[in-house]
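Read through the structure below, which is laid out as structure tokens, and then see the notes.
Throughout, protein chains are lettered first and strands after them, A, B, ... in sequence-line order, and every chain is numbered starting at 1.
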Amino acid sequence: MPELPEVESARLVVERSALRRTIADVDDNDTYECRPHAPGEIRDALVGRQLVDAHRRGKSMWCETSDDGPRLGIHLGMSGRILVSPPTRDDEDGEEDEGGDYQGSGPARGSGTRKPEWYRFTLRFEDGGALRLFDKRRLGRVRLDPDIEALGPDAGEIGRDEFRERVGRGTAPLKARLLDQGTVAGIGNLLADEVLWQSHLSPQRPSGELTTDELDELRRELRKAIRSALRKGGVHTGEVIAHRGTGRHCPRCGTEMTRATVGGRTTWWCPEEQV
DNA sequence: ACACGTGTTATGCG
DNA sequence: TCGCATAACACGTG
């Protein structure tokens, strides 16, 4: 469930630890993760180059490469994580620096097992270290020159007027609009539920019927939730997230939470407060 | 064993 | 053609 905050954490890891290291080899043999590239295509484009910058918009990140090389796009999908290991020093096998830990909410969540086949993509550096994409579910994606322009503005940076204009239109349910990456980029299922709860808005409200005040409030709560998730380590730390579930209650008013599929995703909200 | 979750993309419909 | 809805994808988890 990497959403915007988790991807930003991963980007920071790349920026901090993977730039300016020469790529010696690339394992791009996972044809699903690297689609539509054929095996070897990404390797041929990157060997000998360096990553020189790491960017992000919404849930998509990409790196510029040296000598006017192609951009390397990485999407974490639903279970992807970026792991970067330092240069090997005297045959020492270094600990991996990790970005975006989103492994569920409980302390004892996730076994931590790392099967080798879950490493879907690897950049091996000349210094002996590597950048890897670790992805159990295999819905992540690596590709050259990704189409970033298809995404809407980043959810954490979109301005007030543009937010009003882009979100406050159409007849689809508000939550579906928020999940549409072409409208605003970076909001996933959990972040959407959190922000709607914080804003006292029903996920089912037709997005075009929101007032300007409601849209402004929604944007404020969105920025707040993103900052908070970045600080606390993931969207699962949101206030209402632990209260999504059968028999759970709204942490503000105690009303039993309601469940429905909205925008194709399981949605939980407080039927009393979110209208 | 089997349903569920989940971001993206493809497909379908009015 | 556009906006919206739904299915498909992969596969670990409960």
Next on the checklist: Among residues at least two apart in sequence or on other chains, which ones pass side chain to side chain contact (heavy atoms under 4.5 Å, CB included) with A:P70?
Outcome noted: A:A45, A:L46, A:R49, A:T65, A:L144, A:D145
Checklist entry - Is the CZ atom of A:R71 crowded by more than 12 outside heavy atoms at less than 6.0 Å? => result yes
Item to check | Set of ring pair (Phe, Tyr, Trp, His ring centres under 6.0 Å) partners for A:W269, sequence neighbours left out | outcome: none
Next on the checklist: Run the ring pair (Phe, Tyr, Trp, His ring centres under 6.0 Å) test against A:Y119 and tell me which residues pass, sequence neighbours left out.
Outcome noted: A:F134
Checklist entry - Can you name the residues that form a ring pair (Phe, Tyr, Trp, His ring centres under 6.0 Å) with A:H249, not counting sequence neighbours? => result none
Next on the checklist: According to side-chain hydrogen bond (donor to acceptor under 3.5 Å, both in side chains), who are the partners of A:R43, at least two apart in sequence or on a separate chain?
Outcome noted: none
Item to check | Atom-to-atom span, CD1 of A:I74 to C1' of B:dG7 - whole angstrom | outcome: 16 Å
Checklist entry - Phosphate oxygens OP1/OP2 of C:dA10: is one of them under 4.0 Å from a side-chain N or O of A:K136? => result no
Checklist entry - Is the distance from OP1 or OP2 of C:dG12 to the nearest side-chain N or O of A:K115 less than 4.0 Å? => result no
Next on the checklist: Does A:R259 reach a base, just sugar-phosphate, or nothing at all? Heavy atoms under 4.0 Å.
Outcome noted: sugar-phosphate
Checklist entry - Which residues pass the side-chain hydrogen bond (donor to acceptor under 3.5 Å, both in side chains) test with A:T183, sequence neighbours left out? => result A:D180
Item to check | Rounded distance (Å) that lies between atom P of B:dG5 and atom CG of A:D193 | outcome: 12 Å
Checklist entry - Would you say A:F125 and A:I23 make side-chain contact, with heavy atoms under 4.5 Å? => result yes
Checklist entry - What is the distance, rounded to the nearest whole Å, between atom OH of A:Y32 and atom P of C:dC11? => result 8 Å
Next on the checklist: On the nucleotide C:dG12, are OP1 or OP2 found under 4.0 Å from the side-chain N or O atoms that A:W118 carries?
Outcome noted: yes
Item to check | Atom pair distance, as rounded to whole Å: CG in A:D135 and C1' in B:dG5 | outcome: 14 Å
Item to check | Contacts of A:E162 that satisfy side-chain hydrogen bond (donor to acceptor under 3.5 Å, both in side chains) - sequence neighbours left out | outcome: A:R166
Checklist entry - For nucleotides 9-14 of chain B, read 5' to 3', which letter fits each nucleotide if B means a protein heavy atom sits under 4.0 Å from the base, S means only the sugar-phosphate is that close, and - means neither? => result S-----
Next on the checklist: Among residues at least two apart in sequence or on other chains, which ones pass side chain to side chain contact (heavy atoms under 4.5 Å, CB included) with A:P36?
Outcome noted: A:R141, A:R143
Checklist entry - Given Watson-Crick or G-U pairs with both distances under 3.5 Å, what dot-bracket string fits DNA chain C, with | for other-strand pairs and [ ] for crossing? => result .|||||||||||||
Next on the checklist: Applying side-chain hydrogen bond (donor to acceptor under 3.5 Å, both in side chains) to A:T22 and A:Q50, what does each step give before you reach the verdict?
Outcome noted: CA-CA 5 Å; A:T22 303; A:Q50 301 177 341; 3.0 Å; yes
Checklist entry - Whole-Å distance between B:dT8 P and A:E33 CD? => result 13 Å
Checklist entry - Once you round it to whole Å, what is the distance between P of B:dG7 and CG of A:L190? => result 7 Å
Checklist entry - Does a distance-only test, which skips hydrogens and angles, find a donor-acceptor pair under 3.5 Å between the side chain of A:R265 and the base of B:dG7? => result yes
Item to check | Separation of atom CG in A:L139 from atom P in C:dC11, rounded to whole Å | outcome: 8 Å
Item to check | Rounded distance in Å - CZ (A:R143) to C1' (B:dT8) | outcome: 13 Å
Item to check | Partners meeting side-chain hydrogen bond (donor to acceptor under 3.5 Å, both in side chains) with A:E209 (sequence neighbours left out) | outcome: none
Checklist entry - For DNA chain C, what residues of residues 162-183 of chain A have any heavy atom nearer than 4.0 Å? => result A:G170, A:T171, A:A172, A:P173, A:R177
Item to check | Below 4.0 Å: OP1/OP2 of C:dG12 and any side-chain N or O of A:R137 | outcome: no
